[in-house]
Protein chains: 2
Amino acid sequence: MVAAKSDRPAGRRPTVRQVAERAGVSHQTVSRFLRGDPGMKPATVERLREAVDALGYRPDLTARSLRTGRSGVLTAMLPSPVTAFPTPVLAAAAEVAHEHGYFMEVAVVAGGSRERAGRAAELLASGRSEGVLFLGDLPDGGVPSGGDRGALVVFDHFDDQLRGVGQLADATPVAEAVAHLASLGHRRFLHLAGPQQWASARARRKAYLETIERLAPDYPGLASAGVVPGTWSADSGYDGVAQLPADAAFTAVIAANDLVAMGAIRALGERGLSVPSDVSIVGWDDQEMGRYSTPSLSTVVVDREAQGRLAMRRLVALVRGEQAGGSTGLLNRLVWRESVGPAPART
Amino acid sequence: MVAAKSDRPAGRRPTVRQVAERAGVSHQTVSRFLRGDPGMKPATVERLREAVDALGYRPDLTARSLRTGRSGVLTAMLPSPVTAFPTPVLAAAAEVAHEHGYFMEVAVVAGGSRERAGRAAELLASGRSEGVLFLGDLPDGGVPSGGDRGALVVFDHFDDQLRGVGQLADATPVAEAVAHLASLGHRRFLHLAGPQQWASARARRKAYLETIERLAPDYPGLASAGVVPGTWSADSGYDGVAQLPADAAFTAVIAANDLVAMGAIRALGERGLSVPSDVSIVGWDDQEMGRYSTPSLSTVVVDREAQGRLAMRRLVALVRGEQAGGSTGLLNRLVWRESVGPAPART
DNA sequence: GTCTCGTTAGTGATCGATCACTTTTTTGAA
DNA sequence: TTCAAAAAAGTGATCGATCACTAACGAGAC
């Protein structure tokens, strides 16, 4: 780590008035120049440009905010401890914010979703932030209100788009996965579910159960051997399988995510079941490691950057009072790798 | 995703003067109250507390910043595209920033480290940010100066603390790993190096070569079979091994990180070499998946949150002109798992 | 009873930019 | 050449808090 602090005494930064003086115009003209007012003489513009360059002038954003009432700040709010929330989501969101002239601030709030909601309201009320991107599980009391002012977008870890687009982006791949596995001969399924305070985990659980029910007529014997509650962690997958009764019978597993899948695979191995010859398993996230592990993980490819971009675009639109832009193109895509194979012959 | 925008017209927020009027004092007294001035009559304090509560007053942080000259903002600067920079680092940093009364803003800058350096200077110059935490590889031209004002802390992905603490936090585990593997009988080593613009990658490469040289007298035959340049990705590990000449002989691999290790394991498998019976391999990061993969990965446990906290503490200290606090306790720790075993019997 | 000193609160200026409004300059047609 | 209208630039107030001073108050010493 390297640390550096300038020791130049910094003889105070130049202001609009100093630029104005140098360019021989009024401070207001400088302001116009800075804001890119079209109605200015080229000669004036040129002189101002020179003055700004010469003085190394940079507008004071704080002063501007005070006057305009817009802070230009949007906040991404994360729960603490952070459950490995992927940086690409944050980074993409920050990038979009910048593109639209906003700064993205990160707030990490300890405690439950309720505390986060309170903090969000406070941030908005303080004028510090114009909008909040609420990352993590949903607050118990539903969506927090934006308070007196400001906008708020809630982004569930794995954006299910339940409301925004009216499409079950989470449910679709689950349904597809079950169907595919059924077509491979699998009949007894197990679902290692994610934490149910997450909308996406709920959506997947629901889709899992519904799909099995829906397909049961087509595939005689198709049934769920159970839904094991858990978290997003590898431990959870391991424990979920390890704690199953010895006679639990299933050949296909839908895991909450890749970590859970990986944990489950190990627990299966310790039970003498190998993947995919005895059991097939599908994860979610397309984690880089899962592509190279043995067996490589079948999973749902999620475009994290697109998610982050989309969420921030929504927030920006909301803050500006525009209509939230439509096209999402957030298609979660299943990829089949070694962890899935045909069902073993019946014993 | 859920979006909500308050539609209450928000009849303007109360200011210090309104609070003052309601409490029957002057605006300055309100300011004192807000700043927690100790020299105030309890009765006055009580009236002010009531007024603030009744009006729902929140100080305008922008106005405060303008007057005090302190923006209260520190910036974490990330490269784009983001190379999976772990969120816990960011989150911990943000938390520390908040503890000290700062907001942490995230800036994602596309382009090389040079662009980032420029952006950092600009941020500091604009007064928008009081300090920058520079995440990612080092800029070509060395550490950027803080410019006219502001402080800057550079945080290399895997903090090597080369300078800050004067200790090779990165080198130590590498040396330990080589020594341990040598004691298990391994003699021919391979290093899958990380991108050399990262100080940590350079430090590890250096430590790898030095350690082998240092231990060679104790272990006859000990030598490096090569250093393969690469990145932090799994692809890199896979390709690095796949592209080795067919007669490359080694039994121990030091990989840049867990992803690289995982990629390498697969490539080794495709060459008919299994881990750990033919080749032992050590990663870095202790990624959750690596704990459950088969084989589970021997790796270096890194306390990401501690890294983030430390970096931000340094930045805060620097911004405040204090001495950077001492105790780091950032001990990277090796854990031995299935991917490491005794060297195979000589053929 | 007065005087001094410490405590508590008030007054007006200020941070640096933008907004609303006014004044000056330029343009173009009669 | 003149004059109205448009274009360009200027003036002073303002956003909401804090800072530097100043004023009033109350307690204790002589």
Side-chain angles (χ1 to χ4, degrees), chain A residues 10-49 51-52 55-73 101 125-130 148-149, chain B residues 10-49 51-52 55-73 101 125-130 148-149:
Chain A
R12 199 167 242 172
R13 292 194 299 142
T15 73
V16 270
R17 301 195 190 252
Q18 302 185 38
V19 174
E21 193 177 0
R22 166 146 188 147
V25 299
S26 78
H27 63 112
Q28 171 61 356
T29 301
V30 180
S31 181
R32 286 202 187 88
F33 169 71
L34 294 173
R35 302 203 46 222
D37 188 316
M40 298 186 70
K41 277 206 213 163
T44 312
V45 170
E46 193 41 52
R47 264 183 310 162
L48 281 168
R49 191 192 316 285
V52 164
L55 297 174
Y57 170 82
R58 298 279 136 200
D60 183 314
L61 300 179
T62 307
R64 180 178 285 173
S65 287
L66 176 60
R67 182 65 244 229
T68 61
R70 276 169 284 111
S71 67
V73 170
S126 80
R128 162 96 208 136
S129 179
E130 293 182 52
D148 278 10
R149 53 196 239 165
Chain B
R12 201 166 242 174
R13 291 193 301 142
T15 74
V16 269
R17 302 196 187 252
Q18 302 184 38
V19 174
E21 193 178 2
R22 167 147 188 147
V25 298
S26 80
H27 63 112
Q28 171 62 354
T29 301
V30 180
S31 180
R32 287 203 187 86
F33 169 72
L34 295 173
R35 300 204 46 222
D37 188 316
M40 298 185 71
K41 278 203 207 161
T44 313
V45 170
E46 193 40 54
R47 264 183 309 162
L48 281 169
R49 192 193 314 287
V52 165
L55 296 175
Y57 171 82
R58 297 279 136 202
D60 183 313
L61 301 179
T62 307
R64 179 178 285 173
S65 287
L66 176 60
R67 182 65 244 230
T68 61
R70 276 170 283 111
S71 66
V73 170
S126 80
R128 160 97 210 137
S129 179
E130 293 183 51
D148 279 10
R149 54 194 240 167

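Chain letters run A, B, ... following the sequence lines, proteins first, then strands; residues in each count from 1. Only heavy atoms go into these numbers, but all of them, side chains included; no hydrogens, no water, no symmetry mates.
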Handout entry: Sequence-distant partners of B:Arg17, salt bridge (charged side-chain N to carboxylate O under 4.0 Å, His left out), two or more places apart
Key = none
Practice task
Could I get the full list of side-chain contact (heavy atoms from CB on, under 4.5 Å) partners for A:Ser71, not counting sequence neighbours?
Solution key: A:Val73, A:Glu130
Using atom types as modelled, flag every donor-acceptor pair under 3.5 Å from a side chain in residues 19-28 of chain A to any protein atom, sequence neighbours excluded.
{"unit_1": "A:Arg22", "atom_1": "NH2", "unit_2": "A:Glu50", "atom_2": "OE2", "d": "3.0"}
{"unit_1": "A:Ser26", "atom_1": "OG", "unit_2": "A:Gln28", "atom_2": "N", "d": "3.4"}
{"unit_1": "A:Ser26", "atom_1": "OG", "unit_2": "A:Thr29", "atom_2": "N", "d": "3.4"}
{"unit_1": "A:Ser26", "atom_1": "OG", "unit_2": "A:Thr29", "atom_2": "OG1", "d": "3.3"}

Fill in the blank from the handout: Looking only at heavy atoms, the pair that brings A:Tyr57 and A:Thr15 closest together is CE1-C, 3.6 Å
Problem - Which atom of A:Asp37 lies closest to which atom of A:Met40, heavy atoms considered - result: O-CG, 3.7 Å
Practice task
Figure out the CZ/P separation between A:Phe33 and D:dA7, and round it to whole Å.
Solution key: 21 Å
Fill in the blank from the handout: Bend of the helix from C:dG1-D:dC30 to C:dA30-D:dT1 from end-axis comparison, five pairs per end, nearest 10°, comes to 50°
Handout entry: Heavy-atom pair with the smallest gap, counting every atom of B:Ser65 and A:Thr62
Key = CB-CG2, 3.4 Å
Sort me out a list of protein N/O and nucleotides 4-6 of chain C N/O pairs below 3.5 Å, or just none if empty.
none

Practice task
Applying salt bridge (charged side-chain N to carboxylate O under 4.0 Å, His left out), name anything that partners B:Arg58, two or more places apart in sequence or on another chain.
Solution key: A:Glu122
Problem - Sequence-aligned protein contact record of nucleotides 9-21 of chain C, with B where the base is within under 4.0 Å of a protein heavy atom and S where only the sugar-phosphate is - result: BBBBBBBBBBBB-
Problem - By salt bridge (charged side-chain N to carboxylate O under 4.0 Å, His left out) - contacts of A:Arg70 (at least two apart) - result: none
Exercise for the section: List for me each residue that meets side-chain contact (heavy atoms from CB on, under 4.5 Å) alongside B:Leu61, sequence neighbours excluded, and say none if there are none. Expected result: A:Ser126, A:Arg128, B:Arg64, B:Phe103
Exercise for the section: Answer whether the closest heavy-atom distance between the side chains of B:Val30 and B:Leu48 falls below 4.5 Å. Expected result: yes
